[in-house]
Amino acid sequence: MKIAIFGFGTVGSGVYDVIKMNSDIIAKRAGKPIEIKYVLDLRDFPGNPVQEVLVHDVDTILNDPEVKIIAEVMGGINPAYDYTKRALSLGKSVCTSNKELVAAHGAELIELAKQHNCDYYFEASVGGGIPIIRSLCDCLVGDDILEIKGIVNGTTNYILTRMGEDGLDFNVALKEAQDNGYAERNPAADIEGTDAQRKAAILASLAAGAQVDCDDIPTEGIVNITAEDIACAKSLGAKIKLLASIRRDDEKVSAMVAPFLVFENCQLYHVNNVFNGILVTGNATGDVMFYGKGAGKLPTAGAVAGDIIEAAKYYGLPSDIIWSREKAHMSEQGSGVQRFYVRVSDKTAMEARKALGVTAESASSKAGEVAFLTEAMSENDFLSKIKNLEVLSKIRVYD
Ligand code: HSE
């Protein structure tokens with residue numbers, strides 16, 4: 001089975017390495033040897049053996065009938081969208097880690113693959129090496145998925161862990177995440193929550209079987225989280241985690257991405273560094289927790305390699321992923337009920353406590369400031385109560 005890899009960056013070179021490193025077991029599991037016939041990249045890599053199979057022109061690959069499977073690990077919408085459509089239209093299966101493309105056009109590409117008797121697989125698009133997509137589409141397919149809560153961005157979890165456990169400065173921790181190959185090419189997508197938003201859109205679409213767009217998902221990143229918040233959260237017995245939160249009620253879907261305070265009694269509290277954790281609640285199976293490395297060259301490449309083997313094994317017998325292009329019905333935003341963490345200056349504290357009805361104890365990490373937790377209330381209610389207050393920081397609590 002001849003394959004091609006589109007993109008020789010962090011993930012692409014990882015796919016190349018995994019296919020070479022595990023060639024014997026991959027051949028056994030796929031039922032046939034898998035050979036990398038081409039790697040597509042605009043750059044040259046002098047001295048690297050990849051040079052022997054490197055091409056700069058996509059048509060060489062698309063016009064070669066021997067190539068049956070493509071690993072699209074270029075990232076971004078363009079030109080990946082066009083290349084993927086052309087490949088699928090020619091009956092070539094495509095396996096991808098490209099969450100931006102999957103979130104925006106997954107339903108259409110799955111449909112196109114079906115029409116041309118091939119597959120569009122995207123295991124590596126969420127949770128890096130965690131087998132979450134196939135679990136939702138196959139193993140948990142008998143369940144109605146009620147809720148998905150997860151840490152789905154390795155870079156931000158790494159940054160929050162290094163700031164919280166080791167007292168590192170935000171930018172130093174981000175640089176480490178970049179050096180380890182966790183961050184996106186433009187790390188704004190990580191720290192502003194866009195990467196997690198794309199993953200949330202994919203998970204929500206699969207849970208609903210219908211399209212949830214990124215625009216349907218209110219998103220906050222971790223850029224406003226300070227060392228003071230992390231220290232106050234710690235005094236209150238919590239850690240701050242960037243969560244993707246998806247809920248289904250009465251055929252409606254609500255989804256958001258935001259930092260939350262998470263307490264020790266929740267499994268997600270213990271998910272640190274580059275690890276991701278995804279807690280899925282099905283109406284039959286109950287809670288299922290997925291845990292593993294959410295970013296990095298080999299974990300992500302391992303997930304792509306798994307898809308390649310699946311596509312090779314069932315070539316000509318494509319699978320059926322239920323994700324319609326129809327829009328999912330979304331719940332009204334701001335109706336979610338939860339507790340909130342609030343940090344204010346000493347001079348605002350009394351007024352804030354009164355407005356929010358807070359009697360609970362407070363924590364402080366800096367002279368002149370105080371932080372406390374409210375009772376549970378709806379987001380809209382909370383926002384109206386703090387409307388006239390000077391709040392330094394507000395973070396949702398995950399109970
Ligand atoms: N930048 C992403 C992350 C890579 O940190 O999770 C994996 O999708």
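Read the numbers this way: they start at 1 and go in the same order the structure lists the ligands and their atoms. Since the model is a prediction, treat every value here as computed from it, not as a measurement. Side chains included, hydrogens not; waters and symmetry mates left out as well; all remaining heavy atoms used.
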V370 and its side-chain contact (heavy atoms from CB on, under 4.5 Å) partner, picked from V342, D346, L392: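 So, applying the side-chain contact (heavy atoms from CB on, under 4.5 Å) to V370 and each of V342, D346, L392, only D346 qualifies.
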Verdict with supporting geometry, N272 and K241, side chain to side chain donor-acceptor pair (under 3.5 Å): CA-CA 9 Å; N272 293 314; K241 299 285 183 190; 3.0 Å; yes
Using a 4.0 Å heavy-atom cut-off, say whether [X] meets ligand 1 through its side chain, its backbone, both or neither.
X	value
A177	neither
N276	neither
N153	both

Just which atoms of ligand 1 are under 4.0 Å from any heavy atom in [X]?
X	answer
G294	6 (O), 7 (C)
K199	2 (C), 3 (C), 6 (O), 7 (C), 8 (O)
A183	1 (N)
D190	1 (N), 2 (C), 3 (C), 5 (O)
A295	3 (C), 4 (C), 5 (O), 6 (O), 7 (C)

What residue and heavy atom of the protein are closest to [atom], and at what distance?
atom	value
atom 2 (C) of ligand 1	E184 OE2, 3.1 Å
atom 8 (O) of ligand 1	K99 NZ, 2.6 Å
atom 5 (O) of ligand 1	T155 OG1, 2.6 Å

Aromatic F340 / basic K394 pairing, under 6.0 angstrom, 45° off normal: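 No - K394 does not lie over the ring of F340 by the 6.0 Å and 45° rule.
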Pick from G154, G128, S125, G75: the one approaching atom 6 (O) of ligand 1 most closely through a non-hydrogen atom: G154
Charged N-O contact under 4.0 Å between K114 and D119: no
Carboxylate-amine/guanidinium contact E184 K99, below 4.0 Å: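 Salt bridge: yes.
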Any donor-acceptor N or O pair under 3.5 Å, side chains D190, T156: no
Steps toward side chain to side chain donor-acceptor pair (under 3.5 Å) verdict (D195, Q197): CA-CA 5 Å; D195 178 77; Q197 183 190 50; over 6 Å; no
Check: Y269 ring centre within less than 6.0 Å of F263 ring centre: no
